[in-house]
Amino acid sequence: MEIRVLPLPAEAKKKKYTDESQLGFGKIFTDRLFIAEWKTGQGWVDARIEPYAPFQLDPACTVLHYAQEIFEGLKAYRWKDGSVALFRPEMNARRFNHSADRMCMPEVPEELFLKGVAELVKLEADWIPTAPGTSLYIRPTLIAVDPYLGVKPADHYYFYVILSPVGAYYAGGFNPVKIMVEDKYVRAVPGGTGEAKTGGNYASSLKSGMEAKQKGFDQVLWLDGMERRYIEEVGAMNMFFAYGDKVVTAPLEGTILNGVTRNSVITLAAELGFTVDERKVDIDTIMADIKSGKITEAFGSGTAAVITPVGALCYKDENVTLGNGGVGRLTQKLYDTLTGIQTGELADKFGWVRKL
Ligand SMILES: *Cc1c(COP(=O)(O)O)cnc(C)c1O
């Protein structure tokens, strides 16, 4: 599909950030967005790149009432030689359609998804920060915009992509997080929407996250929704535990997000000589194995922070510290290797990088 590029009037140009250390995450957006519309009977129409501006949405529209919404998150990296690279974007395109199917929304052809992202990033490339650890966060989103209060899949959708320059997550060095194991609320149940990247999963997790913060924790560790027993995810990241040279993570059985970082970690850990087990592991075993020292390190994985070291866990008022509470060797190695590949400083053996 042709993408029209609308003019960017001088008054729509934003003032650029000057201090890359103040960028934070998801606070500022670039001058333009990509958008295409889907209508029943017509399919995808009118793909265009236009000045970034608020949408006019009917107060009755479906996304605002029944949450027909999905999104993605990936990054563009500025390499030292000035070129720009994406990391495994076709995995995001595929997952987007998996989410769309679950939420009864139209699929976005992979080619349209990838072209929309690539063309927008190319036009906005001067917004990509250059300091170590910084990147351009890309947020593809699909929303239902029908002005209709009946409960049914909508007939009109916006697929749009916005871009946000983001700062270094670990500007002051790695910060191991303190995790509260959530034994009251659940994130997902078999047959639910846990495997879809949809806003409702985040809305329903906020209360748990807030209560954990009030108790002094950074994030929560989700247990399975049936027995509140098996490890699932940590915040909005996939969760890994290392037993010496063995790594375990929850299997993809419909209740956890199929992370691009998770998949990359599994491949890299195997390459580094670790055995990776995707299997159910219960929290009592985890607590016992941390106390006995069998579990040597733990970390979360996701696009925003890449790898997040876990320093301590609290379950039913019992606190345990992982290793020495610092950053484990595998955690550090995976972080260095993944970010090295993404920024072009390490060779990309697996063919993950897409240069624009
Ligand atoms: C997006 C997301 C992840 C991480 O996926 P990546 O592709 O690695 O960024 C993990 N868990 C949840 C709930 C998510 O929404």
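All ligand and atom numbering here is 1-based and tracks the order in the structure.
- The closest protein non-hydrogen atom to atom 14 (C) of ligand 1 is K197 NZ, 3.0 Å.
- More than 12 non-hydrogen atoms from other residues, nucleotides or ligands lie less than 6.0 angstrom from CG of D81.
- Of the listed residues (A236, A188, G302), the one carrying the non-hydrogen atom nearest atom 10 (C) of ligand 1 is A236.
- Ranking the protein heavy atoms by distance from atom 11 (N) of ligand 1 puts E233 OE1, 2.5 Å first.
- Each of the following atoms of ligand 1 lies closer than 4.0 Å to a heavy atom of R187: 13 (C).
- For N238, no nitrogen or oxygen atom sits less than 3.5 Å from a nitrogen or oxygen atom of ligand 1, counting backbone and side chain alike.
- With Y52 as the aromatic partner, K14 meets the cation-pi criteria of under 6.0 angstrom to the ring centre and within 45 degrees of the ring axis.
- The distance from ligand 1 to the heavy atoms of Y202 drops below 4.0 Å at these ligand atoms: 14 (C), 15 (O).
- Residue-environment remark: CE (M1) exceeds the threshold of 12 foreign heavy atoms within 6.0 Å.
- The proximity of T303 to ligand 1, defined as any non-hydrogen pair under 4.0 Å, involves the side chain as well as the backbone.
- Cation-pi contact between K178 and F217: present, with separation from the ring centre below 6.0 Å and deviation from the ring axis of at most 45°.
- The minimum heavy-atom distance between R139 and E72, with the atom names listed, is NE-O, 2.9 Å.
- Considering backbone and side-chain N/O atoms, G235 never comes within less than 3.5 Å of an N/O atom of ligand 1.
- Judged as a ring-ring contact (aromatic ring centres under 6.0 Å, His included), the pairs with a partner in residues 272-316 (not counting sequence neighbours) are, in order, F240-F299.
- To the nearest 0.5 angstrom, L86 atom CG is 9.0 Å from R354 atom CZ.
- For ligand 1 and G259, the ligand atoms under 4.0 Å from any heavy atom of the residue are 5 (O), 6 (P), 7 (O), 8 (O).
- Of the listed residues (N263, T261, T198), the one carrying the non-hydrogen atom nearest atom 8 (O) of ligand 1 is T261.
- A donor and an acceptor atom, one from each side chain of T198 and N201, are nowhere located under 3.5 Å apart.
- At a 3.5 angstrom cut-off on N or O pairs, R95 counts as close to ligand 1.
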